[in-house]
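Let me begin by presenting the structure, written as structure tokens, before commenting on it.
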Amino acid sequence: MKSDCMQTTICQERKKDPIEMFHSGQLVKVCAPMVRYSKLAFRTLVRKYSCDLCYTPMIVAADFVKSRKARDSEFTTNQGDCPLIVQFAANDARLLSDAARIVCPYANGIDINCGCPQRWAMAEGYGACLINKPELVQDMVKQVRNQVETPGFSVSIKIRIHDDLKRTVDLCQKAEATGVSWITVHGRTAEERHQPVHYDSIKIIKENMSIPVIANGDIRSLKEAENVWRITGTDGVMVARGLLANPAMFAGYEETPLKCIWDWVDIALELGTPYMCFHQHLMYMMEKITSRQEKRVFNALSSTSAIIDYLTDHYGI
């Protein structure tokens with residue numbers, strides 16, 4: 001774990017307790033865990049544009065516990081990075097609880113990834129295969145609860161749905177009984193990729209739960225977020241690709257405003273964001289506001305200085 005001053009990374013905004021946010025009756029706007037993308041710089045950006053809660057990218061708990069190098073490269077935070085949920089890929093309750101103890105001074109909670117459909121994750125026993133192992137999920141939640149005594153520290157899960165929704169409801173109810181704080185539901189099965197999201201299934205799950213539920217899947221604007229929140233009856237919405245394309249989405253912008261692009265440049269340079277990540281985020285952000293020819297030129301740029309010169313010349317930034 002890296003920071004300019006480790007002591008300042010301890011989360012100073014416990015008052016922004018996610019559980020309290022979910023019980024406010026207002027739409028809680030959440031930035032999804034995104035491998036390579038939902039790192040500190042991007043989290044800092046979306047927080048400037050009305051994002052209420054951010055997740056880290058998925059971190060493999062076993063590597064995080066065993067390797068100092070993994071900890072330094074995978075988890076970076078600072079004092080303003082609150083409220084924050086650290087998402088882990090895990091299939092071992094002891095390793096997960098060890099990982100949770102490491103991050104608990106620096107985050108509001110941890111999340112267990114039970115939704116990643118990628119083959120490598122499922123082959124390792126992580127991600128979406130866990131929706132078929134409710135006892136293991138319960139064991140992991142229990143272990144973290146037993147090992148982390150920090151008041152208000154949350155333990156949540158992010159899942160996909162089964163073809164037989166009764167199995168999903170059963171999984172969620174078992175997780176709730178074990179002490180899970182909230183559940184994020186991506187409204188597709190592990191086999192589905194670009195098919196329509198089953199918001200009706202998310203609604204049924206919410207109706208069978210007492211704890212907060214977050215809806216996730218194909219939300220591309222604030223208007224869509226508010227609509228999904230309303231039709232599912234959930235407590236919040238989580239967005240991934242929609243925020244990559246428009247980090248100001250939750251503030252009501254239909255496309256990335258130039259000020260947001262400038263903010264990204266400032267934040268990324270200040271935090272030392274690697275060039276590839278810096279450039280890739282800009283390509284996503286500018287997708288809707290550039291022509292095909294402009295994309296060809298911009299995407300071929302190969303240095304930070306070239307990008308800044310391009311933005312200055314074309315957009316007066």
Side-chain angles (χ1 to χ4, degrees), residues 22 28 30-35 55 57-58 60-61 85 87-93 96 110-142 155-220 224-225 227-243:
F22 289 130
V28 179
V30 185
C31 175
M34 292 177 278
V35 173
Y55 280 55
M58 180 182 73
V60 177
I85 304 300
Q87 190 188 69
F88 286 111
N91 59 14
D92 180 284
L96 177 63
I110 65 113
D111 183 82
I112 307 169
N113 187 315
C114 304
C116 179
Q118 294 185 34
R119 289 181 183 176
W120 76 265
M122 295 180 69
E124 293 288 337
Y126 305 140
C129 71
L130 290 174
I131 65 174
N132 299 316
K133 300 177 181 179
E135 292 77 16
L136 175 55
V137 174
Q138 286 181 290
D139 189 34
M140 290 194 287
V141 173
K142 284 179 186 175
V155 184
S156 56
I157 62 174
K158 183 173 186 289
I159 67 170
R160 285 193 170 226
I161 61 175
H162 300 84
D163 287 317
D164 179 0
L165 195 61
K166 291 179 182 178
R167 294 180 63 196
T168 315
V169 171
D170 180 65
L171 166 70
C172 293
Q173 290 176 335
K174 286 178 176 176
E176 178 178 1
T178 309
V180 80
S181 305
W182 68 80
I183 297 173
T184 301
V185 183
H186 182 94
R188 293 186 177 98
T189 67
E191 292 74 32
E192 292 177 321
R193 293 295 184 272
H194 304 293
Q195 292 88 338
V197 178
H198 304 287
Y199 295 121
D200 55 336
S201 297
I202 299 177
K203 182 176 187 289
I204 291 169
I205 291 167
K206 172 58 185 174
E207 290 170 348
N208 283 275
M209 307 299 296
S210 299
I211 57 174
V213 174
I214 303 174
N216 173 231
D218 278 5
I219 297 168
R220 307 282 182 159
E224 288 182 9
N227 185 51
V228 168
W229 176 56
R230 185 172 60 253
I231 64 175
T232 59
T234 48
D235 305 279
V237 297
M238 176 182 283
V239 178
R241 286 174 293 179
L243 280 175

Margin query: Looking at every heavy atom in both Ile159 and Cys172, which two are closest together, and how far apart are they?
Written below: CD1-SG, 3.6 Å
Item checked: Residue pair Val137 / Cys114, side-chain heavy-atom distance below 4.5 Å -> yes
Notebook entry, point to check: Taking all non-hydrogen atoms of both residues, which atom of Gly125 and which atom of Leu130 are closest, and how far apart?
Noted result: O-CD2, 3.7 Å
Margin query: Tell me the closest heavy-atom pair linking Ala175 and Ile157, and the distance in Å.
Written below: CB-CD1, 3.9 Å
Check: Lys174 versus Pro134: any side-chain heavy-atom pair under 4.5 Å?
Finding: yes
Check: So how far is it from Met238 CE to Leu243 CG, rounded to the nearest 0.5 Å?
Finding: 10.5 Å
Margin query: With heavy-atom distances below 4.5 Å as the criterion, would you say the side chains of Arg167 and Leu171 are in contact?
Written below: no
Item checked: Ile214 side chain near Phe22 side chain, heavy-atom distance below 4.5 Å -> yes
Check: Would Ile231 and Asn227 count as a side-chain contact (heavy atoms from CB on, under 4.5 Å) if you check the C-alpha gap in whole Å, the side-chain angles of each, and the deciding distance to 0.1 Å?
Finding: CA-CA 6 Å; Ile231 64 175; Asn227 185 51; 3.9 Å; yes
Item checked: Closest non-hydrogen atom pair between Gln195 and Asp218, with its separation -> O-OD2, 4.5 Å
Check: So do Trp182 and Met209 actually touch side chain to side chain, heavy atoms under 4.5 Å?
Finding: no
Item checked: Value rounded to 0.5 Å, distance of CE in Met140 from CD in Gln138 -> 10.5 Å
Next item on the list: Give me the one residue out of His186, Glu192, Arg188 that meets side-chain hydrogen bond (donor to acceptor under 3.5 Å, both in side chains) with His198.
Entry: Glu192
Next item on the list: List the steps and the verdict of side-chain contact (heavy atoms from CB on, under 4.5 Å) for Thr234 and Ile202.
Entry: CA-CA 8 Å; Thr234 48; Ile202 299 177; 3.7 Å; yes
Next item on the list: Start with the C-alpha gap between Met34 and Met58, add the side-chain angles, then the distance that decides, and say whether side-chain contact (heavy atoms from CB on, under 4.5 Å) holds.
Entry: CA-CA 7 Å; Met34 292 177 278; Met58 180 182 73; over 6 Å; no
Next item on the list: Over all heavy atoms of both residues, which pair between Ala190 and Ala128 is shortest? Give the atoms and the distance, please.
Entry: CB-CB, 3.8 Å
Notebook entry, point to check: Counting only heavy atoms not in Arg119, do more than 12 sit closer than 6.0 Å to its CZ atom?
Noted result: no
Check: Is the closest side-chain heavy-atom distance between Phe88 and Pro33 below 4.5 Å?
Finding: no
Margin query: Distance check, rounded to the nearest 0.5 Å: Cys116 atom SG versus Tyr126 atom OH?
Written below: 11.5 Å
Next item on the list: Starting from the C-alpha separation in whole Å, work towards a yes-or-no answer on side-chain contact (heavy atoms from CB on, under 4.5 Å) for Val213 and Val185.
Entry: CA-CA 7 Å; Val213 174; Val185 183; 4.0 Å; yes
Item checked: Donor-acceptor contact below 3.5 Å, side chain Glu124 vs main chain Trp120 -> no
Next item on the list: Please round to the nearest 0.5 Å and tell me the distance separating atom CZ of Arg160 and atom CG of Asn113.
Entry: 10.0 Å
Margin query: Can a side-chain donor-acceptor contact be found between Thr184 and Asn216 if the only test is distance below 3.5 angstrom?
Written below: no
Next item on the list: For residues 196-215, pull every pair meeting salt bridge (charged side-chain N to carboxylate O under 4.0 Å, His left out), keeping only residues two or more places apart or in separate chains.
Entry: Lys203-Glu207, Lys206-Asp235
Next item on the list: State, yes or no, whether a side-chain contact exists between Ile112 and Lys158 at a heavy-atom distance under 4.5 Å.
Entry: no
Item checked: Distance, nearest 0.5 Å, that separates CG of Leu136 from CD1 of Ile131 -> 13.0 Å
Notebook entry, point to check: Are any non-hydrogen side-chain atoms of Ile204 and Leu165 less than 4.5 angstrom apart?
Noted result: yes
Margin query: Can you tell me how far apart OH (Tyr55) and CD1 (Ile85) are? Round to the nearest 0.5 Å.
Written below: 5.5 Å
Next item on the list: Would you name the heavy atoms of Ser156 and Asp111 that are closest together and state the gap between them?
Entry: OG-OD1, 2.7 Å
